[in-house]
Every structure is written in C-alpha cells, then in structure tokens.
**Student:** 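Pasting in a structure now, in structure tokens, and then I'll have a few things to ask.
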Amino acid sequence: MNVLLLSIDSLRRDFLTAYRDTPLCLDYGVETDNLDRFAEKAITFDNHYAGSLPCMPARREWLAGVQEFLWRPWGPMEAYDDSLAELTREAGALTHLITDHFHYFQHGSHGYYEDFNGFDFLRGHEYDAWRTAPRDPDDRLYRQSADPETDPPHGVGYVNRTNYARNAEALGLGDPDADEEKFFGPRVLSRTEEWVGDHDDWDQWFCYVDSFDVHEPFHCPEPYASMYTDEDPADPDLPFWPYYGPVDEGQSELSERELDFARAQFAGKVTMVDRWFGRVMDALDEGDRWDDTAVIVTSDHGFFLGDHGWVGKNEPPCYDVLANTPLFVWHPDSPRTGERVDALTSAVDLYATVLEAMDATVPDGTHSRSLAPLIRGDAEDHRDYALYGYWGTSVNVTDGRYTYMHPCVPDEPTDCFSTEMMNARQFAVPRQPKTDAEAGPFLPYTDSPVWRYDAPSTQQNEAPLLFDTEADPEQTENLAAGAGPGTDETSGDDGASDQTERMRGLLVDALDDYDAPDSQYERMGLD
C-alpha cells in the first residue's frame, strides 16, 4: 500500500463546502470543487481535533506519535522518537517529503526531514531566510505585508517580514499579473503531481506533502486575488498579511475594509490550493493509482479572521475555528468510502494510521490510536475525549459535543522536558543555555533522561470556557459555571454547574491517562 499524506496549513474546515456551505465569517461561499470531489470519494471525519499547537508541535504528533504539548513547546524531533519515515523505511517503503514549510529548517526545529529517502524544499515562503537582495524590496509587497517599526526593511535581526517581500520579488511574484504556477501552493502541488507520476516502479512508497499555503501571507495571483473582493488587490493600503492579535486595538487592529480584504485573500488562497490539489487527483486518476494508494488530507489548525474578535492564532482561546480541523481519508479497501464518520478523533492518530496502512510496526506507548477500525467499518467510536492546546497555557478537552477550556494561573511556571535546551517562547532564534536545568528520566513514555526546566505560563482565557457545539457551533454562549470576568455571560443554572464539573473531571481523567507532569495540575489548580 502506498500512502500520500497531505497537510494544507491553516486550512479552516468551514471554508470547505464538504463541511459547510458558507464559512462562519463570510456571507458567501468559497469554491473548493476538488476537495469536495475528494470528500465524495473519501471518508469525511466530522469530529477531528488538533492536538499540540501550532506548526511544529503538530508535525511531531504526525511524525512521532507524541502529544507533546503537555511536556514541551515547539522543538525538534527527539532522539527517542520513532519517526514515521524511519519506521516506514524499515517496512520496505520509499519515503519522500515535499514542502515549502521553512520551519523544518529554522532554529529550534530539526530531525523532521532527515529520515526521508529524499526531500524537496521549495524556498521563499513567509519568514524563510533566503534572499538578502535587493536591500530595498518591492514597495508594494513590503507595504502590504509589514509594519516598518516592527519589521524594518534594513533590519538584520531574526524573523523579519522583509524576508517575504525579497523572496517574493525574486520569484517574480511582485507583478500583479504573475503566473500562478510561480506561487507556493501551486509549486508544492505540481511537484507532488510529478513525484506521484514518477514512482510507479516502486513496490511501496510514503509521500508526505506539507503545503505551507493556505498559511499567511495571503498573497495570491489572479484570478484568486479578485475572486472574492471588488477591491484592487495591489492597493498598498490593504494588508494581505495581518498581524496577530485583537482586531480592535494595537498593531493587529483592522478596519472592516481591511478585515474583509484579508478574508477575501484567504478565501482566494483556499480556492487556488484546491485547484492545484485537483492536479494531484488527476495524477492518481491517470495512473490508476487509487487501487493501491491511501490518501489522507488534513490541516494542523485553522486561523482566526475576526472570529471572536481575533486575527491569527496563538493568543486567543482554542475555539473550534482553530482546533476542529478537516480530515479526509481515502483507503482503497474501506467499505465506508463516501461516508461521514462522527467518531471523535485526534491529530496524533494519523501516525499509527499511516503505519498500519503500510504494515509497519506501531511502537508501544505511542499516544496515537490507529483509525483503521473506523476505516474498515469495524468500529463506530474511537476516543472518549480529545485533548488539545499550546504548551504553557490553557489545556482544552472535548467529548465531541462539549468543548472545555481550562485556564492557567498567569506566570505560574510550566515545566519543559527535552533532550535539548529549547527556547520555550522564542523558538526561531538561537537557543540559550538553561543553567538551572535538572536531568533525569522524567517522561512516562521513554526511559531516556531529559532536561527539565521551567518557563512562565501565558494566559489565553482568564476563566473557564464551556460550549455546547451542537447547539452553539459558533461558541458564543459560555456555559461554564462561575466563569468570572472577561468571558461571556453564563447561564448560572445547575445544568451548567453539572456540565462544568463533568468536563473538568474529563480533563483530569485525560491528564491522568497521559500521566501528565505534576506541574500541569498545579498551574491550573486541578487535583
């Protein structure tokens, strides 16, 4: 069995008509004809949740089967990880990575691509430290993507948005009439189309495709740039790369016009990536490859576009706009093709699912649970809960209907565990030594000694948040008893108290099941 695993970064499931006719933040539909075509063929998972957030923590879940956010933030693969690429190679498969996701090659990230037999890294997206000339980048690209005080065009520090303006100019993307095949999503998916077509002479392969689109910057060519807006997409006063934060204040503040434009460009990127995904499907059609190839399409998380008053990610609570992610699985031996599955599933489950599809060994002790029983039609249920969140802030749990977000005490330390001394908060800059670190076998899933050191927690929500997503899919009515200041009004009745206690108990059960560190309970005030 071949396996093609495709991640489309930041893809909101409500922008796909397989899930919803009109996105929650828009009053118009978005064209996703090819993902819809794939959904008709595949199994659509309706209750799939992210795990560890954001980008690289999600990749470690997929590629190592570790739900890492209880123990560490953004970081490398660990020496004790059993990587998906290594295990599938041991099963006799050729492995390959295709990506424009530059985070694999930054400070704080390594070990993710080295185990593949081959990899394609397509340069230039977002902060990719690639081009250093011209000194003064294209004015229009720079003005639509950066604030000169935060990202000075002549700055030489780390993580500067000027990188994108220079990279895009070098790729010929500064011209409003630039060919779409020069843009990132089309480049990644056309390479995937080519790779699939070139490897019929291998008995078995695993191809992992990590498309950074539809991630910001939301810079796309025609016809997509104008598809959902009447604005001039080249207007330098309209940002296609909003800063993260609240939409009504600070650097992230956006006027209604600016927010509408950002939404339209995001929608344009979704349609562009969808069209190029169609070419990958065509390659599978043309070679009659569907009969021996499993195809998995998912995303690491969504993106706030004014929802709940936020733009971006990381700082807001983990509402479903971010955490309830799309998942489609085609398996040629499944009797459930074209069906929808309501079972609760988690991002980390893809690890064991790929291994089982390729007859590779699933390691003992993994946090991953293969979706194979659901795919085969042997089961209707999968998990009692899904746990998700960012290291060092709220911890969140869902039972598939109710979502519960439990806050932490701000600045209360969170322990970080790793074989390396990572920067807990600033992952993409050189690491600093932790002179007060302890070493020992602190982890429940490996005998390997690791460093243990702490960093302050940060607060995403000041008080508990509880939502009934069946009755309130937009999560606007907080049902948590005693929610406190800074949250929506609560019902305050006995039912709310009962549900709050039940979900809090489910969270504690989940932490117990994972053998979470004591510090996680302490910083959240949980027994």
Side-chain angles (χ1 to χ4, degrees), residues 7-16 19-20 22-28 30 48-55 57-58 69 74 126 145 147 150 161 212-220 228-229 238-270 273 298-326 347 388-390 393-394 396 398 403 405 407 458-462 465 467 469 472-478 486-488:
S7 164
I8 302 173
D9 200 298
S10 304
L11 179 62
R12 287 177 50 149
R13 58 176 259 157
D14 62 316
F15 273 65
L16 306 178
Y19 285 104
R20 187 178 171 89
T22 304
L24 291 169
C25 63
L26 301 179
D27 59 3
Y28 51 84
V30 177
H48 188 65
Y49 274 80
S52 302
L53 298 166
C55 300
F69 82 99
W74 180 303
E126 204 200 35
S145 60
D147 170 65
T150 304
R161 289 190 176 200
F212 204 47
D213 275 352
V214 299
H215 195 287
E216 71 276 7
F218 306 134
H219 176 208
C220 48
Y228 303 107
T229 182
L238 290 171
F240 56 60
W241 190 355
Y243 283 87
Y244 290 4
V247 295
D248 59 354
E249 63 180 10
Q251 185 181 47
S252 55
E253 182 178 2
L254 295 172
S255 67
E256 279 301 317
R257 179 181 177 231
E258 291 170 331
L259 183 57
D260 287 345
F261 180 74
R263 289 167 171 165
Q265 298 313 291
F266 180 90
K269 257 202 174 183
V270 170
V273 168
T298 191
S299 184
D300 48 0
H301 50 70
F303 191 89
F304 288 91
L305 289 164
D307 313 82
H308 303 282
W310 292 89
V311 64
K313 56 180 185 284
N314 303 340
E315 296 177 47
C318 287
Y319 291 102
D320 276 6
V321 127
L322 191 75
N324 191 195
T325 51
Y388 53 100
Y390 292 78
T393 184
S394 302
N396 316 283
T398 181
T403 57
M405 308 173 198
T458 61
Q459 204 171 54
Q460 290 179 317
N461 46 291
E462 297 178 0
L465 298 173
F467 301 99
T469 61
D472 177 25
E474 296 188 46
Q475 296 175 297
T476 59
E477 183 183 359
N478 180 17
T487 64
D488 296 334

**Student:** Please examine the side chains of Pro242 and Leu254, heavy atoms only from C-beta on, and report whether any two atoms are closer than 4.5 Å.
**Tutor:** yes
**Student:** Would you check if Phe303 and Val311 make a side-chain contact, meaning some heavy-atom pair closer than 4.5 Å?
**Tutor:** yes
**Student:** Using 0.5 Å steps for rounding, measure from the CD atom of Glu256 to the CZ atom of Phe261.
**Tutor:** 15.0 Å
**Student:** Does the Thr403 side chain pair with the main chain of Thr398, one donor and one acceptor, at a distance under 3.5 Å?
**Tutor:** no
**Student:** Would you please test Leu465 and Asn396 for side-chain contact (heavy atoms from CB on, under 4.5 Å) and show each step?
**Tutor:** CA-CA 9 Å; Leu465 298 173; Asn396 316 283; over 6 Å; no
**Student:** Please find the pair of heavy atoms, one from Asp307 and one from Cys25, that lie closest to each other, and give the distance.
**Tutor:** OD2-CB, 3.7 Å
**Student:** Whether the side chain of Tyr243 engages the backbone of Asp147 through a donor-acceptor N/O pair (distance < 3.5 Å, no angle test) should be reported.
**Tutor:** yes
**Student:** Cut-off 3.5 Å, side chains only: do Asp320 and Tyr49 have a donor facing an acceptor?
**Tutor:** yes
**Student:** Glu126 side chain to Pro217 main-chain N or O, any donor-acceptor pair under 3.5 Å?
**Tutor:** no
**Student:** As a quick check of understanding, evaluate salt bridge (Lys or Arg N to Asp or Glu O under 4.0 Å) for Arg257 and Asp260, giving each step before the final call.
**Tutor:** CA-CA 5 Å; Arg257 179 181 177 231; Asp260 287 345; over 6 Å; no
**Student:** Give a yes or no answer on whether the side chain of Thr22 reaches the backbone of Asp27 with a donor-acceptor pair at less than 3.5 Å.
**Tutor:** no
**Student:** Among Leu305, Val214, Leu24, which residue meets the side-chain contact (heavy atoms from CB on, under 4.5 Å) test with Phe15?
**Tutor:** Leu305
**Student:** Shortest non-hydrogen contact from Ser299 to Ile8?
**Tutor:** OG-O, 2.7 Å
**Student:** Carefully, step by step, assess Lys313 and Asp300 under the rule salt bridge (Lys or Arg N to Asp or Glu O under 4.0 Å).
**Tutor:** CA-CA 12 Å; Lys313 56 180 185 284; Asp300 48 0; over 6 Å; no
**Student:** So, does Tyr228 use its side chain to make a donor-acceptor pair with the main chain of Val30 at under 3.5 Å?
**Tutor:** no
**Student:** Measure the spacing between CZ of Phe218 and CG of Asp213 and express it to the nearest 0.5 Å.
**Tutor:** 9.5 Å
**Student:** Between Thr298 (side chain) and Ser7 (backbone), is there a donor-acceptor pair under 3.5 Å?
**Tutor:** no
**Student:** If you look at every heavy atom in Ser394 and Pro407, which pair is closest and at what distance?
**Tutor:** OG-CA, 3.8 Å
**Student:** Rounded to the nearest 0.5 Å, what separation is found between the OH atom of Tyr390 and the CG atom of Asn314?
**Tutor:** 4.0 Å
**Student:** At what distance, to the nearest 0.5 angstrom, does NE2 of His308 lie from CD of Glu474?
**Tutor:** 7.5 Å
**Student:** Would you name the heavy atoms of Ala323 and Cys318 that are closest together and state the gap between them?
**Tutor:** CB-O, 4.1 Å
**Student:** Walk me through it: do Asp14 and Arg20 pass the test salt bridge (Lys or Arg N to Asp or Glu O under 4.0 Å)?
**Tutor:** CA-CA 5 Å; Asp14 62 316; Arg20 187 178 171 89; 5.3 Å; no
**Student:** Is NZ or CZ of Arg263 both nearer than 6.0 Å to the six-membered ring centre of Tyr28 and within 45° of the ring axis?
**Tutor:** no
**Student:** Report yes if some heavy atom in the side chain of Pro246 is under 4.5 Å from a heavy atom in the side chain of Trp310; otherwise report no.
**Tutor:** yes
**Student:** Can you tell me if Arg12 uses its side chain to pair, donor with acceptor, with the backbone of Gly302 under 3.5 Å?
**Tutor:** no
**Student:** Can you tell if the side chain of Trp74 reaches within under 4.5 Å of the side chain of Pro54, non-hydrogen atoms only?
**Tutor:** yes
**Student:** Find out whether Thr469 and Gln475 are in side-chain contact, i.e. whether some heavy atom of one side chain is under 4.5 Å from a heavy atom of the other.
**Tutor:** yes
**Student:** Rounded to the nearest 0.5 Å, what separates atom OH in Tyr244 from atom CD in Glu315?
**Tutor:** 10.0 Å
**Student:** Say you draw a straight line from CE of Met405 to CZ of Phe467; how long is it, rounded to the nearest 0.5 Å?
**Tutor:** 5.5 Å
**Student:** Which residues pass the side-chain contact (heavy atoms from CB on, under 4.5 Å) test with Ser145, sequence neighbours left out?
**Tutor:** Phe240, Trp241
**Student:** Quick one, His301 and Asp9 - any side-chain contact, counting heavy atoms below 4.5 Å?
**Tutor:** yes
**Student:** Do Phe304 and Leu322 touch side chain to side chain, with heavy atoms closer than 4.5 Å?
**Tutor:** yes
**Student:** Ignoring hydrogens and geometry, is there a side-chain-to-backbone donor-acceptor pair from Asn324 to His48 under 3.5 Å?
**Tutor:** yes
**Student:** Are the side chain of Glu258 and the backbone of Leu238 linked by a donor-acceptor contact shorter than 3.5 Å?
**Tutor:** no
